[in-house]
S.K.: 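I'd like to ask some things about the structure below.
Heavy-atom basis, side chains included; hydrogens, waters and symmetry copies ignored. Residue numbers start from 1 in every chain, and the chains themselves are labelled A, B, ... in the order their sequence lines are given, proteins ahead of strands.
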Amino acid sequence: MPEWKDTCNLPRTAFSMKANLQTTEPEAIARWDAMALYGRIRAARQGAPLFLLHDGPPYANGEIHIGTALNKILKDLVVKSHNMAGYDAPYLPGWDCHGLPIELKVDRELGPKKKQMSTADFRRACRAYAEKYVDIQRRDFKRLGILGLWDDPYKTMAFRYQASIVRALGRFVEQGMVYKGKKPVHWCTHCRTALAEAEVEYEPHTSPSIYVEFPLAESSLPELARRVPALAPRLTAPSAPSASSAAPASASSVSVLIWTTTPWTIPSNLAIAFHPEFRYAAYDVDGTAVVVAKDLAASVAQKTGRAFGEPLAEFDGTAMERLSFRHPLYARDALGVLADYVTLEAGTGAVHTAPGHGADDYRTGVKYGLDIYAPLDAGGHFVESVALFGGLQVFDANPRVEAALAERGRLWHREDYDHSYPHCWRCHNPVIFLATAQWFIAMEAHDLRARALSEIRDRVRWIPAWGQARIEGMIANRPDWCISRQRAWGVPIPAMDCTTCGQAVLTGALVERAAAVFDEFGADAWYERPVEEFIPGGLACPACGGTSFERESNILDVWFDSGSSHEAVLPFREHHRWPADLYLEGSDQHRGWFHSSLLVGIGTRGRAPFDQVLTHGFVVDEQGRKMSKSLGNSVAPQDVIKQSGAEILRLWVSMVDYREDIRLGKEILARTVEAYRKIRNVIRVLVANLYDFDPVAGAVPHERMLEIDRWALAKYAECADRIVRAYDDYDYPAIFQAASTFITVDMSAFYVDVTKDRMYTFGANSEARRSGQTAMFTIVDGLARLLAPILSVTMDELWRALPGGRAPSVHMALFPMGDETARLRSPALLDRFATLGAVRDEVNLALEQKRQEQVIKANLSAQVRLETGGEEARLLADCRDFLPTLFGVSHVELVTRSGSGPDGGQPRRITVTRADGVRCERCWRFVPAVSDEPATRGLCARCVEALALVAGH
RNA sequence: GGGCCUGUAGCUCAGCUGGUUAGAGCACACGCUUGAUAAGCGUGGGGUCGGUAGUUCGAAUCUACCCAGGCCCA
């Protein structure tokens, strides 16, 4: 007896069930490299409309993490899908190479050696460090399956890029938008240097805590009387501070009490800040009307040991704005100002403000037009012109300030105060805030702010839309852009100081000189080549006319570097143009790269360098908590690649809603692996049915295909259209949903299952089987392309397993779209099968019931009697012969009830019984009779015929 | 503390401008299959739509507050 199984057309394919991604991924990537795939895609799309995603440069420091991987995969989805939609969509990756983190790492690696190195040598070490991480990251990005111009990326430390940065700065300079001003930074008086936030360590420290009285200035008496009438009767001239007298203030004065833990900043006090929304009150204390925040009065009274009576008057902080208070030590006034950082947690609710010695103080000072006053030298000594304290180091000055205040009767209380205070990470001495000379881009110059806001509102499309509100708020409220840093690894600001009068000079000509030198030698030249090379002919100091200069040592904020990428890259590279269509980064870049790129774009060309900005969220753990080393909940992309494959990571990115925070953890990865397997298996069975199919010779014309095959194509066309649209909308989860439903529900559970019998048991070359193959081929060929941007390796592997001539890689192909899918659509067929599907669902329920009752086992062991009426009966009668196949049973008896059925309100009736007849040993259906012939014994007529066809060939 | 955002089954997602018993896939349980087999098919259980209070004839969908979380500031 022959093994009938061997006469069936059982599926076979080299497209294995197990993916072996750990092997196939590196192989595919090597193949792409070998065939120069990226370049071939460029050549193939030459002349097509450009779609320009401009890469935001990751920082060339450390291994890539899951967030970097997410970002690059999203970009790859955008780029690949646009290429397949018919655009010329290049991908030019970039790296951000300058900046503090690298400087600090290199610093640490060099150790004491650094002391002997020149700045230029140190910069060379930084460059080598950055180069090393560019290589490491590039390797990992390629391993993720990302296609791009990896051989020639852009780097912010490239000579020409450095020149472009300086030229971009030059545009601001020429328009008069750059100025030199002052701003407080962390300053170590021991190391005599500015410190970045990352170089500051918070350590416990004991500071003096003092409460100081500032009397209201006489000139403000009338105004206060007007604002707070209840106080009017008490308003008389305050007593003048007197060096000789420690007597309390005159009984009829008004004062405000402040609290500070840095007495040495009192000489630099220029203002007192009040909260606009807090309630303040004036209390009679030994005859003086003392103003403090109402909620803090009790604690202040307790601290100072003074008796605060009932409030004489109450008012909001706004009542204090622009009143003048007498400085407790000097013959000048402190201005009453409003600030929302004033708290009720400690102190008096009135905050001592020295704009040259605090970040908040500085902002408030700028807002009220105060001098950024910081009369200290680099070692933290008061300059000689400061009365009482000239020459004193600030920490030595503390007790002297207290003493001077006490002498004048202005020191109400003094105690030790333990708190966490910033220290220098190198020498571990406490640091101070010190206003230093810095370069700024003025937000109001040339309407920079207003033009940026109008670009945000009117030109750029923000996806999601709330991105607009976010960056709008930031631009609207940001202070002038401080673009200078006192560091070594970056692009120097090519400014000169006049050696005669000290005037800082920065002109367009100076900038262009530097740019020309940088073009040729790189920015290291600033530290190595003679100063004359950087001084354009005829340069004279605008202040004194001097012609001798020395270089400044400030470098540019690295945000200016990366913010200039559109200027450094877009105009110069092949397949590029200015501006870009799209920037795509994490939502933190509203503050970062989008922000700086926009400002640079306005400065250089008067518009935003992008038309669309797409943002994604952050990867968090399965509980929605941020990933961190200390929590141990991080997922490393390298580990996922090793354990599951980059395809899993890519699939994960494609199925989540990247606009919000994205969860990732063990279960999610496990689910993703399951999803991958499901897709792979269904695709595998489709290909496996094509092992003997020639799409040219074997294809059945559409009109002659079986109805269910045409339905499958109609369903596929619907799915393809939806997917192509979703790519265009950057709606990747919709792609997964559509593809997954089509693959699992329409293909696996329905079409493949229902067609199985025909594909396996019919004559291999029968038109019915070829009809099915035609559908399966079209579908799997289309799915390979539709899913290629996501499952780039798997679909390329599939592409190679498919019969027929085709492009060397799926990534060079185009999506199924236009006429390719339009000709397959058929709403009528979809309708018809929706009804058939509903009937099938109900038959399944009945079958399951009988299975539970153990009347039947497999569906083929059952037969169905189906009574119905109306429209549905006509439809079912129309495809009577298809019904056993549709239900997967051996026989269907259709009974039409006139005038009833679902349309008439009566439910259809389904009766399931054990199938009559005998079981065909080849196709396993129960049939009335089987063959008796020796060669075909036990086979049904259909199988006999199928075998005859094979034999006949 | 402030600005922006998020919270639907174990997981990933749908649920348009408020309107019948809140859906899909996966996972899970049970049955079938052994000619997709470290697969496949069927059936089933599972959600007070973060919480509370409102607006409304009616809210997952609108408002306020609260809780939890994220990004950026301070």
S.K.: Look at all strands and tell whether A/Thr761 reaches a base, only sugar-phosphate, or nothing, counting heavy atoms closer than 4.0 Å.
M.R.: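 Touches a base.
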S.K.: Is the ring pair A/Phe278/A/His275 parallel, tilted or perpendicular, if the boundaries are 30 and 60 degrees?
M.R.: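 It falls in the parallel class, under 30°.
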S.K.: Return the 5'-most residue of the pair A/Lys18, A/Met474 with respect to RNA chain B, ranking by each residue's nearest nucleotide.
M.R.: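 Comparing both residues, the 5'-ward one is A/Lys18.
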S.K.: Distance check, C1' atoms only: B/G51 and B/C67, in whole angstrom units.
M.R.: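 The answer is 7 Å between these two C1' atoms.
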S.K.: Is A/Lys626 near enough to B/C71 that one of its side-chain N or O atoms lies under 4.0 angstrom from OP1 or OP2?
M.R.: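 True: A/Lys626 side-chain N/O within range (under 4.0 Å) of B/C71 OP1/OP2.
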S.K.: In whole angstrom, give me the gap between the P atoms of B/C28 and B/G10.
M.R.: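 Those two atoms are separated by 15 Å.
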S.K.: Do the side-chain N or O atoms of A/Arg684 get closer than 4.0 angstrom to the phosphate oxygens (OP1, OP2) of B/U37?
M.R.: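 True: A/Arg684 side-chain N/O within range (under 4.0 Å) of B/U37 OP1/OP2.
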S.K.: Base, sugar-phosphate alone, or nothing: which one does A/Asn681 contact when heavy atoms must sit under 4.0 Å apart?
M.R.: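 The answer is base, as A/Asn681 lies within the cut-off (heavy atoms under 4.0 Å) of a base atom.
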S.K.: Mind checking the C1' distance from B/U55 to B/A64? Whole angstroms is fine.
M.R.: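 About 11 Å, rounded to a whole number of Å.
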S.K.: If you measure from the P atom in B/G25 to the same atom in B/C41, how many Å do you get, rounded?
M.R.: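 Their P atoms lie roughly 11 Å apart.
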S.K.: What dot-bracket string describes RNA chain B from 5' to 3', counting Watson-Crick and G-U wobble pairs whose defining distances are under 3.5 Å, with [ ] for crossing pairs and | for pairs to another strand?
M.R.: (((((((..((((.....[...)))).(((((.......))))).....(((((..]....)))))))))))).
S.K.: Which of parallel (below 30°), tilted (30 to 60°) and perpendicular (above 60°) describes A/Trp711 and A/Phe833?
M.R.: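 A/Trp711 vs A/Phe833 ring planes: parallel.
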S.K.: Rounded to whole angstrom, note down the C1' distance from B/A60 over to B/G50.
M.R.: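 To the nearest whole Å, 12 Å.
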S.K.: Protein-nucleotides 24-26 of chain B N/O pairs closer than 3.5 Å?
M.R.:
none

